[in-house]
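Below is one structure, written out as structure tokens; comments come after it.
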2 protein chains.
Amino acid sequence: MKRNTWQREAVKSALDTQDAFVSAQQLHSALRDDGTGIGLATVYRALADLAESGQADSLQSTEGEALYRACTPGQHHHHLICRNCGLTVEIEADAVEQWARKVAAENGFTQPEHVVDVFGLCADCSKPAP
Amino acid sequence: MKRNTWQREAVKSALDTQDAFVSAQQLHSALRDDGTGIGLATVYRALADLAESGQADSLQSTEGEALYRACTPGQHHHHLICRNCGLTVEIEADAVEQWARKVAAENGFTQPEHVVDVFGLCADCSKPAP
DNA sequence: TCCTTATTGATAATGATTGTCAACATCATC
DNA sequence: GATGATGTTGACAATCATTATCAATAAGGA
Ligand SMILES: [Zn+2]
Ligand SMILES: [Zn+2]
Ligand SMILES: [Zn+2]
Ligand SMILES: [Zn+2]
């Protein structure tokens with residue numbers, strides 16, 4: 001049976017305070033800075049569990065790192081992500097959902113899934129340097 | 001100046017024979033099996049160059065590997081990929097392009113880019129086992 | 001042909017992630 | 001509240017894809 005530990009709680013609430021996708025290592029540093037003596041492996045495990053149970057979304061950065069973000073559970077959605085600061089906004093798109101199903105079916109593919117992410121520079125990061 | 005070597009040609013034509021996304025290591029094995037004594041680092045460099053110049057597309061597998069696929073140069077497109085055998089089909093979707101630009105603009109994001117991939121089981125892989 | 005220098009490839013180094021395993025903590029049960 | 005079975009932790013080692021090194025090689029312009 002799954003047990004409740006302060007480590008899992010700590011990872012979950014640390015993730016909740018982030019408005020950007022973060023790596024396991026970043027989160028581990030943040031937790032250490034908060035004075036908790038949590039282990040790195042534990043952070044990796046907790047994040048994997050959260051992703052598994054749908055409480056967090058994950059994506060692979062172009063550098064190959066796995067990044068995590070707390071997300072609205074039980075609701076299919078995608079993300080609009082700032083390339084500079086990581087700020088992330090959840091987006092929905094029924095049109096894209098339907099398109100994905102349609103294009104799969106048209107090509108004889110079954111059990112379609114999809115990866116849809118939009119990257120850009122957020123309003124703040126779009127401002128020219130002073 | 002960029003020089004032409006048989007190694008780069010070999011990687012390019014090996015990639016052209018694949019109808020699926022493949023890793024650098026897979027391609028290196030295939031090239032070694034063909035009797036060429038090409039080095040692994042060279043395959044990595046050639047693939048990076050091909051991706052850089054738009055002659056190949058790349059994506060990160062869920063396991064964190066970088067996968068490559070020869071693609072139609074100079075034409076923006078996405079991919080429909082079989083989760084089982086890797087068979088890959090290029091797809092276009094103006095509607096998705098416009099949606100991505102729109103959702104970015106609506107949230108104050110500039111310089112939008114996007115990642116859109118559809119995964120499923122191809123017709124062959126959808127057939128029940130005999 | 002000669003020479004400059006981009007390229008190669010064997011190998012070491014890197015870095016994120018996972019495996020190991022003894023010590024520990026949770027929680028159903030007493 | 002105490003007990004015990006067992007899920008969990010964390011320091012560390014191991015793994016594995018990718019990148020950096022660097023001496024040897026080979027393109028290709030002169
Ligand atoms: Zn930003
Ligand atoms: Zn979707
Ligand atoms: Zn298939
Ligand atoms: Zn597109």
Side-chain angles (χ1 to χ4, degrees), chain A residues 1-15 18 20-53 55-70 81 83 86 115 117, chain B residues 1-15 18 20-53 55-69 81 86 115 117:
Chain A
M1 179 212 310
K2 191 91 53 177
R3 294 176 184 173
N4 297 322
T5 64
W6 65 263
Q7 287 94 335
R8 273 202 260 266
E9 287 303 319
V11 170
K12 181 156 175 28
S13 54
L15 196 62
Q18 303 283 337
F21 273 85
V22 294
S23 68
Q25 317 244 4
Q26 285 177 304
L27 217 52
H28 180 241
S29 291
L31 284 162
R32 281 293 175 92
D33 291 345
D34 289 347
T36 69
I38 194 170
L40 178 57
T42 303
V43 175
Y44 273 99
R45 285 186 287 240
L47 286 173
D49 284 350
L50 289 171
E52 175 82 19
S53 68
Q55 299 180 86
D57 279 326
S58 67
L59 60 83
Q60 304 278 333
S61 77
T62 49
E63 290 79 31
E65 267 181 309
L67 303 180
Y68 296 87
R69 172 87 210 281
I81 304 163
R83 272 195 298 276
V115 173
D117 292 300
Chain B
M1 179 212 311
K2 194 109 6 190
R3 294 175 184 174
N4 296 322
T5 64
W6 65 263
Q7 286 94 336
R8 272 202 260 267
E9 287 303 320
V11 170
K12 182 158 175 26
S13 55
L15 196 61
Q18 302 283 337
F21 274 84
V22 293
S23 68
Q25 316 244 5
Q26 286 176 306
L27 216 53
H28 179 243
S29 290
L31 284 162
R32 280 294 174 92
D33 290 347
D34 290 346
T36 69
I38 195 170
L40 178 58
T42 302
V43 175
Y44 273 100
R45 285 185 288 240
L47 286 173
D49 284 349
L50 289 171
E52 175 82 19
S53 68
Q55 298 178 84
D57 279 325
S58 67
L59 59 82
Q60 304 278 335
S61 78
T62 50
E63 290 79 31
E65 268 181 308
L67 304 181
Y68 295 87
R69 171 87 210 280
I81 304 162
V115 173
D117 291 300

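Quick note on labels: first sequence line is chain A, next is B, and so on, each numbered from 1.
Proximity of A:Thr5 to the phosphate of D:dT9: a side-chain N or O atom is located under 4.0 Å from OP1 or OP2. Residue A:Arg3 places none of its side-chain N or O atoms closer than 4.0 Å to OP1 or OP2 of D:dT6.
Taking every nucleotide of DNA chain C with any atom under 4.0 Å from a non-hydrogen atom of chain B, the first and last of them, 5' to 3', are C:dT4 to C:dA10.
Note that the two end axes of the helix from C:dT1-D:dA30 to C:dC30-D:dG1 enclose an angle of 40°, each drawn from 5 base pairs, rounded to 10 degrees.
Here the closest non-hydrogen pair linking B:Gly86 and B:Ala20 is O-CB, 3.1 Å. The two residues A:Thr36 and A:Trp6 make their nearest non-hydrogen contact at CB-CZ3, 4.0 Å.
Atoms CG (B:Asn4) and C1' (D:dA27) sit 9 Å apart, rounded to a whole Å.
In this structure, A:Glu63 reaches neither bases nor backbone, as no heavy-atom distance under 4.0 Å exists between it and the strands shown. Across all strands, A:Arg45 comes closer than 4.0 Å to base atoms (heavy-atom distances).
Comparing A:Trp6 and A:Leu67, the nucleotide of DNA chain C nearest to each residue sits closer to the 5' end for A:Leu67.
Side-chain contact between B:Leu40 and B:Gln25 is present, with at least one heavy-atom pair separated by less than 4.5 Å.
For A:Gln18 (side chain) and A:Leu15 (main-chain N/O), no donor-acceptor pair under 3.5 Å exists by modelled atom type.
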